[in-house]
There are 2 protein chains.
Amino acid sequence: MDQDAHHAAGQGSLLLQDQLCFALYAASRSVTTRYRPLLEELGLTYPQYLVMLALWEQDSVSVRDLGAALRLESSTLSPLLKRLEAADLIHRERRADDERSVVIRLTRAGADLREKAGTVPVAIGEAMGLTPEQDATAKYLLRLVTENVTGSRP
Amino acid sequence: MDQDAHHAAGQGSLLLQDQLCFALYAASRSVTTRYRPLLEELGLTYPQYLVMLALWEQDSVSVRDLGAALRLESSTLSPLLKRLEAADLIHRERRADDERSVVIRLTRAGADLREKAGTVPVAIGEAMGLTPEQDATAKYLLRLVTENVTGSRP
DNA sequence: AGCAATTAGATTGCGCGCGACTAAATCGAG
DNA sequence: CTCGATTTAGTCGCGCGCAATCTAATTGCT
């Protein structure tokens, strides 16, 4: 399978194909590209899909907590949430006991979308084509990198 | 280290934190964020840095080949290359024997930047904090995902 | 109580990243 | 040789993604 993948490279090399960071960058983009046509049927972009995943898991979340879960800044989330609201998938309201906070709630349509989305992770899982062990290893290593690089818990 | 990371999840789950795709997305962004301050000293963004890596490896490349190496569309590369040219790091010229093609060459400044960039991969490698074995495994799995998802060789 | 410091969310500016499209050059079947 | 198909870059529109900055609300210190 692999030609010459064993010369101590990767740590100090300037070769593009040796860089873990490039493999990460390319893999991430290729996966979101693979998602695009599936999510188009749901009327979602990939980051919007991740927000919906988070909301299906736990409804009535503040923008702050959503940002923490997704590791996204409010400068990214605010416009994205505005678009989800315009699509009538979520609703935003200021919290009464703390007017700084904005709570995101699923609309009926937003909650209903969950069923249609059920097939998506399966399809992507198949497309990625990793064994369960490889999948677990990949997740472990990616979380480790994220943790090490940001210096925080996931 | 891991709390409960062993319930057959990952394949069909809708839980955000179970998704390999999310781990990928989060890791990729966290790494580029970590690069940002280092690259700022070079006057480069992260994708620009990847382009320069490719050019340091092989100068005088067509936009087409650059796109193939980086897996980027011309709609992404064209404006990026325009900015690198404005920064006097590269030069673009139409190929004489095929006027469709545009060849990218490093300027003196672009070639010289390589030395200053030498410390960057080492610093990032340390920040990611993987053992050589983990680094190799991660690269292998990420390339595998990219291959499977795009249906092509890296 | 009063006021500085902190926190939450939003806005702005800029650079991707890609799909859809365009223009120009080249290729190729007849 | 010619005309339609293909290839190569580029433009445009839109949605991120983030640093920097802003406003408003809350907290905390005295």
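For the numbers below, each heavy atom of this structure counts, side chains included, while hydrogens, waters and symmetry mates do not. A quick note: this is a predicted structure, and the numbers were derived from the prediction, not measured. We name chains A, B, ... by the order of the sequence lines, and we start the count at 1 in each one.
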inquiry  = What is the separation between atom CG on A:D97 and atom C1' on D:dT27, rounded to the nearest whole Å?
reply    = 14 Å
task = Would you kindly give the OH-to-C1' distance between B:Y49 and C:dG15, to the nearest whole Å?
result = 19 Å
inquiry  = Checking contacts here: which listed nucleotide (C:dC16, C:dC18, D:dG17) is nearest the side-chain heavy atoms of A:T76?
reply    = D:dG17
N or O in side chain of A:S75 less than 4.0 angstrom from D:dA19 OP1/OP2 = no
ask   = Please give, in whole Å, the distance from D:dT8 P to B:L72 CG?
value = 17 Å
ask   = In terms of the angle between their ring planes, are B:Y46 and A:Y25 parallel, tilted or perpendicular, with boundaries placed at 30° and 60°?
value = perpendicular
message = Here's a test for you: under salt bridge (charged side-chain N to carboxylate O under 4.0 Å, His left out), which of B:R100, B:R94, B:R95 qualifies with B:D98?
response = B:R100
task = Would you tell me if any nitrogen or oxygen in the side chain of B:S78 comes within less than 4.0 Å of OP1 or OP2 on D:dG10?
result = yes
Parallel, tilted or perpendicular, as decided by the 30° and 60° cut-offs, for the rings of A:W56 and A:Y49 = perpendicular
query = Of B:D98 and A:L77, whose closest DNA chain C nucleotide lies nearer the 5' terminus?
reply = A:L77
query = Distance check: side-chain N/O of B:R100 vs OP1/OP2 of C:dT26, anything under 4.0 Å?
reply = no
key: Atom-pair distance (CD on B:E73; C1' on D:dT11), nearest Å   = 14 Å
task = Respond yes when some side-chain nitrogen or oxygen of A:K82 is under 4.0 Å from OP1 or OP2 of C:dG9, and no when none is.
result = no
ask   = Does B:Y25 make a side-chain N or O approach to OP1 or OP2 of D:dG17 shorter than 4.0 Å?
value = yes
key: For A:D59 against A:I104, the heavy-atom pair lying closest together   = OD1-O, 3.7 Å
inquiry  = Mind checking if A:S74 touches a base, just sugar-phosphate, or nothing, with heavy atoms under 4.0 Å?
reply    = base
From C:dG15, D:dT8, C:dG17, nucleotide with atom closest to B:R64 side chain = D:dT8
ask   = Out of C:dG19, D:dT26, C:dG15, which has the shortest distance to the side chain of A:E99?
value = D:dT26
ask   = Hey, does the Lys NZ or Arg CZ of A:R143 hover above the aromatic six-ring of A:Y140, less than 6.0 Å from the centre and inside 45° of the axis?
value = no
message = On DNA chain D, compare the nucleotides closest to B:V103 and A:P47; which residue's is nearer the 5' end?
response = B:V103
request  = Find which nucleotide of DNA chain D each of A:R95 and A:Y46 is nearest to by heavy atoms, and output the residue with the more 5' nucleotide.
outcome  = A:Y46
5'-most by nearest nucleotide on DNA chain C - B:A96 or A:T32 = A:T32
query = Does OP1 or OP2 of C:dC14 have a side-chain N or O of B:R83 closer than 4.0 Å?
reply = no
task = Please check the phosphate of D:dG10 (OP1 and OP2 only) for any side-chain N or O of B:R92 closer than 4.0 Å.
result = yes
task = For the pair B:S28 (side chain) and A:S28 (backbone), establish whether a donor and an acceptor sit closer than 3.5 Å, ignoring hydrogens and angles.
result = no
key: C:dC18 OP1/OP2 closer than 4.0 Å to side-chain N/O of A:R29   = yes
ask   = Rounded to whole angstrom units, what separation is found between the CD atom of B:Q48 and the P atom of D:dC18?
value = 17 Å
query = Can you check the B:L80 CG to D:dT11 C1' distance for me, whole Å?
reply = 15 Å
ask   = How close or far is atom C1' of C:dG19 from atom CZ of A:R34, stated in whole angstroms?
value = 17 Å
note = A:L70 atom CG is separated from D:dC16 atom P, nearest whole Å, by 12 Å
